[in-house]
Structure formats: C-alpha cells, structure tokens
Amino acid sequence: MTTIKLYEFEPTRSARCRWTLLEAGLDYETAGGSPDIIGSDELKSVHPLGKIPAAVIDGKPLFESAAIATAIADLVPDRNLVAKAGTWERTLHDQWTQFALTEMEAWLWASLVNTAVLPEEQRISAGLEQNGAMFKRGAAVLDDVLGGCEHLIENRFTVTDIIVGYTVNWGRRQGHLEDRFSNLHGYLDRLFEREHCTLMRD
Ligand SMILES: N[C@@H](CCC(=O)N[C@@H](CS)C(=O)NCC(=O)O)C(=O)O
C-alpha cells in the first residue's frame with residue numbers, strides 16, 4: 001500500500017493536494033499543521049526551500065503542489081482523475097497547469113510577497129497594479145476557453161481543474177475577476193459544488 005505524508009496547512013497551495021487525496025480516496029498522514037513549519041529543518045529535508053506543500057510518497061520526497069497533486073492522481077488510475085500519461089490530453093494537462101502557474105499565479109504570488117510575506121521594509125509596491133493586469137491577461141485566455149467547455153481536459157472534472165481552479169479562485173479572492181470573466185465564475189461554481197472541494201469561498 002502506498003504511504004503518503006503531506007505537509008500542509010490552510011490557507012495554502014497544499015489545498016490542491018488535500019483535495020486530490022480526497023477525490024482519490026487515499027489515506028494519508030498530515031504533517032506541518034501551522035506556519036511554524038515553514039523553513040524548518042524537517043520541512044527542508046523534503047522541500048529545499050522549506051515551503052508548503054511538500055510530500056513524502058512511499059519514502060520519496062516531492063515538492064510543488066501541481067506535481068504532488070498530479071502524482072496522487074496517477075496513483076489511482078481507476079478514479080480517472082488525470083488524463084493518461086502519453087496521451088495528447090495529458091500534454092494539455094501540462095499546458096494548462098503550467099499556464100496557470102506561470103502566466104497567472106506567479107503574478108498573484110508576486111503581489112502577496114510584497115503585501116504580506118516579506119518583512120515590510122523589503123516590500124516593493126510599485127508592481128502591484130501591473131501584477132493584477134498581467135494576471136487578468138491570463139484569466140482572459142482561460143475565460144475564452146471555458147466559454148466552450150465545462151472543464152479543461154476531456155470536458156470532465158480532473159486534477160487539472162483542481163490545480164487551475166485554485167489559481168482562478170485565488171485571483172477571484174484578490175478581486176481580479178470582479179467585473180468580468182463570467183465563464184470563470186461559472187467554472188468556480190461548478191468546482192465549489194464538488195463534495196471534496198477545498199477552495200476557499202471568501
Ligand atoms: N510553486 C509552489 C509554491 C509554494 C509556496 O510558495 N508555498 C507557500 C504557501 S502557499 C509558502 O510555503 N510560503 C512560505 C514562504 O514563501 O516563505 C507550489 O505550488 O507548491
């Protein structure tokens with residue numbers, strides 16, 4: 001039986017991994033539990049930057065929330081949580097998850113780092129407006145795509161939606177979707193309806 005230890009606490013990107021584990025129906029051990037774990041020697045033995053989430057799967061360390069969630073989905077092929085490796089749909093999973101993380105989430109993180117994460121004296125506020133605009137550029141692409149389908153891959157719920165949906169919801173919570181992006185709002189509504197959804201509503 002696969003053993004899984006997940007370093008997690010709310011509200012962090014570990015929510016992607018927890019949601020995937022719940023959809024997968026897999027037992028796991030939770031670790032971390034609070035911000036005190038960040039940067040600790042214990043966490044650094046799993047994630048070199050001492051960040052959350054991190055996981056140990058069958059004794060092997062793994063970091064990056066999208067990689068962990070996808071690895072978990074691959075553990076349960078019968079649940080059909082991710083497009084099969086080697087298919088074009090799996091390539092599109094990579095496309096959309098990397099698009100969400102690099103073209104959208106990176107801008108949200110840059111703003112959070114400069115409003116909450118770094119000590120005040122190290123923060124730079126000059127880029128905040130531009131970060132929001134850059135996030136919206138990516139959001140507009142996703143909004144167009146979701147005008148023609150309910151979910152991103154094979155038009156059914158998969159871990160791709162867990163990963164990308166987290167980014168979209170983060171942008172919504174930061175107020176970047178307020179006056180437009182009706183397809184993204186509908187997409188989030190569909191994700192919120194799922195029993196195991198870990199996305200935060202406010
Ligand atoms: N790209 C990484 C981001 C990891 C990350 O930055 N995690 C945050 C919590 S959501 C963290 O540990 N922040 C503490 C810090 O940056 O010191 C992922 O998706 O797992």
Side-chain angles (χ1 to χ4, degrees), residues 4-24 26 28-57 60-75 81-82 93-125 127-128 131-132 134-135 138-139 142 152 158-176 188 191 197-202:
I4 303 171
K5 181 174 182 177
L6 176 66
Y7 287 86
E8 61 168 347
F9 63 84
E10 286 189 35
T12 71
R13 283 165 268 206
S14 59
R16 286 181 171 126
C17 309
R18 175 190 281 262
W19 186 359
T20 311
L21 282 161
L22 294 171
E23 297 279 354
L26 290 170
Y28 73 102
E29 178 191 343
T30 186
S34 84
D36 297 341
I37 193 76
I38 298 280
S40 66
D41 287 345
E42 181 186 348
L43 190 52
K44 278 185 180 165
S45 72
V46 185
H47 188 318
L49 293 177
K51 286 185 163 208
I52 291 282
V56 183
I57 301 179
K60 291 169 289 200
L62 187 63
F63 53 88
E64 283 296 329
S65 57
I68 297 168
T70 304
I72 294 164
D74 272 330
L75 289 173
L81 276 177
V82 62
H93 160 83
D94 293 341
Q95 170 189 280
W96 285 123
T97 54
Q98 290 171 31
F99 182 83
L101 297 180
T102 61
E103 300 288 346
M104 298 170 71
E105 188 158 305
W107 301 107
L108 299 176
W109 179 241
S111 287
L112 192 66
V113 160
N114 285 295
T115 51
V117 176
L118 287 174
E120 273 190 49
E121 66 278 10
Q122 291 176 27
R123 295 180 196 168
I124 302 167
S125 57
L128 297 181
N131 292 344
M134 295 302 280
F135 170 85
L142 266 189
L152 287 169
T158 64
V159 73
T160 318
D161 302 301
I162 293 180
I163 296 164
V164 175
Y166 183 89
T167 307
V168 173
N169 192 49
W170 183 352
R172 179 190 65 79
R173 297 179 65 230
Q174 293 299 307
H176 296 312
L188 288 178
L191 296 181
C197 178
T198 56
L199 300 180
M200 293 179 74
R201 284 196 176 269
D202 51 18

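First listed ligand is number 1; within each ligand, the first listed atom is number 1.
When side chains are defined from C-beta on, V113 counts as touching W109, because their heavy atoms get closer than 4.5 Å.
A salt bridge between E10 and R18 is absent, with no side-chain N of the basic residue lying under 4.0 Å from a carboxylate O of the acidic one.
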**Q.** Derivation and outcome, side chain to side chain donor-acceptor pair (under 3.5 Å), residues Y7 and E42
**A.** CA-CA 10 Å; Y7 287 86; E42 181 186 348; 2.8 Å; yes
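Ring-plane geometry between H176 and F135 is classed as tilted, the angle between the planes lying from 30 to 60 degrees on a 0 to 90 degree scale.
Every pair passing side-chain hydrogen bond (donor to acceptor under 3.5 Å, both in side chains) that includes a residue from residues 63-72 is listed here, sequence neighbours excluded: R16-S65, T70-H93.
Side chains of S14 and E8: no donor on one and acceptor on the other come within 3.5 Å.
Protein residues with a heavy atom under 4.0 Å from ligand 1 are T12, R13, I38, K51, I52, P53, E64, S65, W109.
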